[in-house]
Amino acid sequence: MTDLMIKVLGGGGEVGRMAIFVKDANSDKGFLFDYGVNFDESDRPVMPGHVRPRDITAVFLSHAHLDHCGALPSLYVSSPPPVYATPLTLELADIMFKDAIKLSGYYLPYEDEEIKAVLDHAIPVTYGEDVDISRDVRATIINAGHVPGSMLTLLEINGARVLFTGDFNLSSSNLLRGADINNVPKDVDVVIMEGTYVTNTHPPREEVEREFIRVIKETIENGGSVLIPVLTIGRAQEILITLYKNGIDYPVIIDGLARVANQIVAKYPHYLANPELYLKAVENSLEVTTDYQRRSLTKEPVIIVSPAGMLKGGAAVYYLKKLGRDRKNAVILPSYQAPDTPGFELLTRGRTFIDKTEIVLEAKLYWFDFSSHSGRAELEAFINHFSPDTKVLLVHTEAIKALQFLERLKAKYGIDNVHVPTNDEALLIRINR
């Protein structure tokens, strides 16, 4: 018998800021799953709850998006714990940490020295690997299907099995194979899973791609350019493959941090669904490296793929100011737009403020669901994969939507073993094995 103490440091009743601390209730030290950060409307970091580094035996980093990794260097001032992640995640996290400093460095409780300390204490792992962490503790690493290098972690603590998903996607995409649920045992004791899209069913990807390509071709053929603001990790690479796969033969421009991320992902082809297709898509694109190139390329019809995905900085903001005034052009948002972001303002009001300047959009605006998260149907299938005795904690989700989802689970499947914890909530779970 094992008593587990699980404390939600972030991601409880909210999307992002993911951080979960798990330990044997009889032990002084435990294990940290992710340590992410959110940013407010003024780009100030909203950090997760505090945990003392000396109380952490190991950190497991699911992937390199800032809402899962962005607070991690703050733990590496003293008593630095080992951090387990795929080598691809570690390389991508490095560039994301440095970008966070660029975005909000004055407010962040770390600098380059702490970033280096994270990487100095990193232990690379890969899919299918079983890792002995300490006496009576073993971790199994499983493909999460979310972004390149993302992982599920199955942690066995004194016989008790805890699965942490981070963000995951059961469906395959042009970029990645879906999460490897076949390697996830059914008799897990506790599942800590994301529920970003508990009320959304994603449309068929084929339909999304068809309309996406139609809009691009129509815009270019009418003499306009297309701006596609993207998330640096995952979405940039997915859009690049989608354009190439569908035979787009107009100039495709890559700018911003996506240029660096594309090259890092290319070093790890075994994480991708179709490495050859990805490498051809990268080779077929043109990288922008100077201000002169940026100024000159907006004069002819082109397709520009650049961060930031929610228009909070990045080269995409420059192009929005240049291209947004012309009705011939199009702006395509292929990612979720969080409230209080310029992208959300554009979608809801047709205008936004960036750098204290109001941008009134004249270009046509589109949003497409290229989500790399599991939708409601996949989340239900994932929960149904496990034994009725499995305790499920639903995090990384809006509380009201999650509670609606719980009602649906009970009415449709008779499932009542799912709990939506709040931030700072500590749960004591007894495991009888």
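Here the structure is a predicted model, which means the values were calculated and not measured.
- Between the H63 side chain and the P148 main chain, no donor and acceptor come within less than 3.5 Å of each other.
- Side-chain N/O atoms of K364 and N329 include no donor and acceptor closer than 3.5 Å.
- With hydrogens and angles disregarded, a donor-acceptor distance shorter than 3.5 Å links the side chain of T89 to the backbone of G149.
- Interatomic distance, T165 OG1 to M18 CE, rounded to the nearest 0.5 Å: 8.0 Å.
- By the 30° and 60° cut-offs, the orientation of the rings of F60 relative to F31 is tilted.
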**Request:** Given ring-ring contact (aromatic ring centres under 6.0 Å, His included), test H373 with H202 step by step and report yes or no.
**Result:** CA-CA 9 Å; H373 293 262; H202 300 307; 8.0 Å; no

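- Aromatic pair F370/F212: centroids less than 6.0 angstrom apart.
- Checked by atom type, the side-chain pair S372/H146 shows a donor-acceptor distance below 3.5 Å.
- Remark: K322 NZ is loosely packed, at most 12 non-hydrogen atoms of other residues, nucleotides or ligands lying under 6.0 Å away.
- Remark: the backbone N or O of G12 is paired with a side-chain donor or acceptor of N423 at under 3.5 angstrom.
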**Message:** Using the rule given for side chain to side chain contact (heavy atoms under 4.5 Å, CB included), can you reason through F39 versus L66, listing the C-alpha separation, both sets of side-chain angles and the distance that settles it, and then say yes or no?
**Reply:** CA-CA 10 Å; F39 292 90; L66 285 175; 4.1 Å; yes

**Prompt:** Please walk me through it: do Y271 and N143 pass side chain to side chain donor-acceptor pair (under 3.5 Å)?
**Reply:** CA-CA 9 Å; Y271 287 109; N143 170 36; over 6 Å; no

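- With rounding to the nearest 0.5 angstrom, the CD atom of E362 is 5.0 Å from the CZ atom of R327.
- A donor atom on one side chain and an acceptor atom on the other are not found under 3.5 Å apart for E113 and Y76.
- The OG1 atom of T341 sits 9.0 Å away from atom CG of L333, with the distance rounded to the nearest 0.5 Å.
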**Message:** I'd like to know whether L243 forms a side chain to side chain contact (heavy atoms under 4.5 Å, CB included) with V305, so could you lay out the CA-CA distance, the side-chain angles of the two residues, the decisive distance to 0.1 Å, and finally the verdict.
**Reply:** CA-CA 10 Å; L243 292 170; V305 180; 4.2 Å; yes

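- For the 3.5 Å distance criterion, the side chains of D167 and H68 qualify, holding a donor opposite an acceptor.
- Side chain of W367 to main chain of S335: a donor-acceptor pair is present (N/O by atom type, distance under 3.5 Å, no hydrogens or angles).
- Taking the six-membered ring where the residue is Trp, Y197 and Y336 present perpendicular rings, their angle passing 60° and hence far from 30°.
- Going from atom CG of D40 over to atom CG of D340 covers 8.5 Å, rounded to the nearest 0.5 Å.
- Note on ring orientation: taking the six-membered ring where Trp is involved, the planes of F168 and F382 are tilted (angle from 30° to 60°).
- Counting all heavy atoms, side chain and backbone alike, H396 lies closest to V15 at CE1-CG1, 3.4 Å.
- Residues L32 and I20 form no side-chain contact, since every pair of their non-hydrogen atoms from C-beta on lies 4.5 Å or further apart.
- Among L320, V331, I332, the single residue meeting the side-chain contact (heavy atoms from CB on, under 4.5 Å) criterion with P229 is V331.
- More than 12 heavy atoms of other residues, nucleotides or ligands shown are found within 6.0 angstrom of CG on L286.
- Screening V252, I228, T242, N246 for a side-chain contact (heavy atoms from CB on, under 4.5 Å) with I216, the sole residue that qualifies is I228.
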**Asked** What do the steps show when you test R161 against D187 for side chain to side chain contact (heavy atoms under 4.5 Å, CB included), and what is the final call?
**Response** CA-CA 8 Å; R161 291 167 133 186; D187 60 343; 2.6 Å; yes

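- Rounding to the nearest 0.5 Å gives a distance of 9.5 Å between CZ of F405 and NZ of K412.
- Under the 30°/60° scheme for interplanar angles, the aromatic rings of F368 and Y366 are found to lie parallel.
- Closest non-hydrogen pair, R205 versus S371, comes out as NH2-O, 2.9 Å.
- Residue R325 places its CZ atom among 12 or fewer non-hydrogen atoms of other residues, nucleotides or ligands, all under 6.0 Å distant.
- Side-chain atoms of T219 and V226, non-hydrogen and from C-beta on, do get closer than 4.5 Å to each other.
- No donor-acceptor distance shorter than 3.5 angstrom exists from the side chain of S62 to the backbone of G166, with no hydrogens or angles considered.
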**Prompt:** Between Y244 and Y278, does a ring-ring contact (aromatic ring centres under 6.0 Å, His included) hold up when you go through it step by step?
**Reply:** CA-CA 9 Å; Y244 183 79; Y278 174 70; over 10 Å; no

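- Nearest heavy-atom pair across I239 and P334 is CD1-CB, 4.0 Å.
- We find that R294 and D291 are joined by a salt bridge, their nearest charged nitrogen and carboxylate oxygen being less than 4.0 Å apart.
- The two residues L361 and L346 make their nearest non-hydrogen contact at CB-CD2, 4.1 Å.
- Enclosure of atom CD in E129 by more than 12 non-hydrogen atoms of other residues, nucleotides or ligands within 6.0 angstrom is indicated.
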**Prompt:** After noting the C-alpha distance and the side-chain angles of E114 and S74, does the key distance pass the side chain to side chain donor-acceptor pair (under 3.5 Å) rule?
**Reply:** CA-CA 7 Å; E114 285 73 41; S74 67; over 6 Å; no

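- To the nearest 0.5 Å, atom CD1 of residue I220 and atom NZ of residue K328 are 11.0 Å apart.
- With a 6.0 Å radius and a threshold of 12 heavy atoms from other residues, nucleotides or ligands, K321 has its NZ atom above the threshold.
- A salt bridge does not link E221 to K217: none of the charged nitrogens lies less than 4.0 Å from a carboxylate oxygen.
- The two atoms that bring T153 and A139 nearest to each other are CG2-CB, 4.3 Å, heavy atoms only.
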**Request:** Please report the C-alpha distance between V188 and L154 in whole Å, then the side-chain angles of each, then the deciding distance to 0.1 Å, and finally whether the side chain to side chain contact (heavy atoms under 4.5 Å, CB included) criterion is met.
**Result:** CA-CA 9 Å; V188 172; L154 178 63; 3.9 Å; yes

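- The backbone N or O of L88 lies less than 3.5 Å from no partner atom in the side chain of E91, so there is not a single donor-acceptor pair.
- The heavy-atom pair separating N169 from S374 by the smallest distance is CA-OG, 3.3 Å.
- A salt bridge between D120 and K116 is present, with a side-chain N of the basic residue lying under 4.0 Å from a carboxylate O of the acidic one.
- Side-chain contact check for E287 and Q263: at least one donor-acceptor pair (N or O, by modelled atom type) lies under 3.5 Å.
- A salt bridge is absent between E206 and R210; no separation between the charged side-chain nitrogens and carboxylate oxygens falls under 4.0 Å.
- For R138, the CZ atom is densely surrounded, since the number of other residues' heavy atoms within 6.0 Å is greater than 12.
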**Request:** Please report the C-alpha distance between K410 and E407 in whole Å, then the side-chain angles of each, then the deciding distance to 0.1 Å, and finally whether the salt bridge (charged side-chain N to carboxylate O under 4.0 Å, His left out) criterion is met.
**Result:** CA-CA 5 Å; K410 190 165 186 178; E407 291 178 3; over 6 Å; no

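- A side-chain donor from one of E425 and H419 sits under 3.5 Å from a side-chain acceptor of the other.
- In this structure, the side chain of R17 engages the main chain of M47 through a donor-acceptor pair within 3.5 Å.
- Counted by atom type alone, S172 and R177 present zero donor-acceptor pairs between their side chains at under 3.5 Å.
- Looking at D180 and N183, their side chains come closer than 4.5 Å, going by heavy atoms from C-beta outward.
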